[in-house]
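Since the structure comes first, as structure tokens, the remarks are kept for the end.
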Amino acid sequence: MTLGQAIVTLLASYVLSQAIGAVYSWSFRGLSYSRTFAQALVVGAPVAAMLMLAIGNSLARGIGIVGTLALIRFRTNLRDPLDMVFIFASFGAGIATGTGNFAAGAVGTGLFLVIVTG
């Protein structure tokens with residue numbers, strides 16, 4: 001992968017995650033809005049894309065990254081199950097773009113946003 005391809009991939013994941021973060025902020029109906037959670041949604045996709053770029057086609061790298069990520073524990077209490085779905089959508093957009101599936105990432109993110117706002 002060239003530097004230009006990596007930049008396009010990371011920018012595409014960022015654009016998709018910005019859309020997810022904006023819709024989350026716009027559609028939030030809970031009691032206490034967390035700005036840091038919305039920021040985490042935006043950062044999640046580029047991080048996932050970066051991991052997918054690093055893994056490439058290497059099974060050994062993939063297992064190593066999974067092992068490393070297993071050490072991370074999420075201590076944030078999510079009061080709304082929809083918050084977890086937003087996190088998965090952000091990571092899904094990053095994984096799709098990180099593997100070069102830009103169309104799947106764009107269509108999937110678009111469909112997710114239509115469903116959430118509808």
- Would you kindly confirm whether L16 and L111 end up in one hydrophobic cluster when ILVMFWY residues are joined by side chain heavy atoms under 4.5 Å apart? no
- Atom CG of L82 and atom CZ of R29: how far apart are they, to the nearest 0.5 Å? 11.0 Å
- Is there a path from I55 to I95 through hydrophobic residues (I, L, V, M, F, W, Y) whose side chains come within less than 4.5 Å of each other? yes
- Note on the structure: CZ of F86 to OG of S27, rounded to nearest 0.5 Å, is 4.0 Å
- Message: Is there a side-chain contact between V85 and F112 in this structure, where contact means two heavy atoms from C-beta onward sitting under 4.5 Å apart?
- Response: yes
- Message: Rounded at 0.5 Å granularity, tell me how far CD in Q39 sits from OG in S17.
- Response: 12.0 Å
- Query: Under 3.5 Å, side chain of T99 to main-chain N/O of A96, donor-acceptor pair present?
  - Reply: yes
- Close side-chain approach of T97 to L10, heavy-atom, < 4.5 Å: no
- Query: So, does S13 use its side chain to make a donor-acceptor pair with the main chain of G94 at under 3.5 Å?
  - Reply: no
- Among D83, I87, V116, side-chain contact (heavy atoms from CB on, under 4.5 Å) partner for Y24: D83
- Query: Is there a path from L53 to F102 through hydrophobic residues (I, L, V, M, F, W, Y) whose side chains come within less than 4.5 Å of each other?
  - Reply: no
- Message: Is there a continuous path of hydrophobic side-chain contacts, each under 4.5 Å between heavy atoms, that joins F91 to V23?
- Response: yes
- Message: Is it true that, when you exclude Y33 itself, more than 12 heavy atoms of the residues, nucleotides or ligands shown sit nearer than 6.0 Å to its OH?
- Response: yes
- Verify, without hydrogens or angle tests, whether R61 (side chain) and G56 (backbone) share a donor-acceptor contact under 3.5 angstrom. no
- Note on the structure: Closest heavy-atom pair, I20 versus T109, reported as atoms and distance to 0.1 Å, is CG1-CG2, 3.8 Å
- Item | Within one Ile-Leu-Val-Met-Phe-Trp-Tyr cluster: V107 and F88, side-chain cutoff 4.5 Å | no
- Check the surroundings of atom OH in Y14: do more than 12 heavy atoms from other residues, nucleotides or ligands lie under 6.0 Å from it? no
- Least distance between heavy atoms, T9 atom then G98 atom: CG2-CA, 3.6 Å
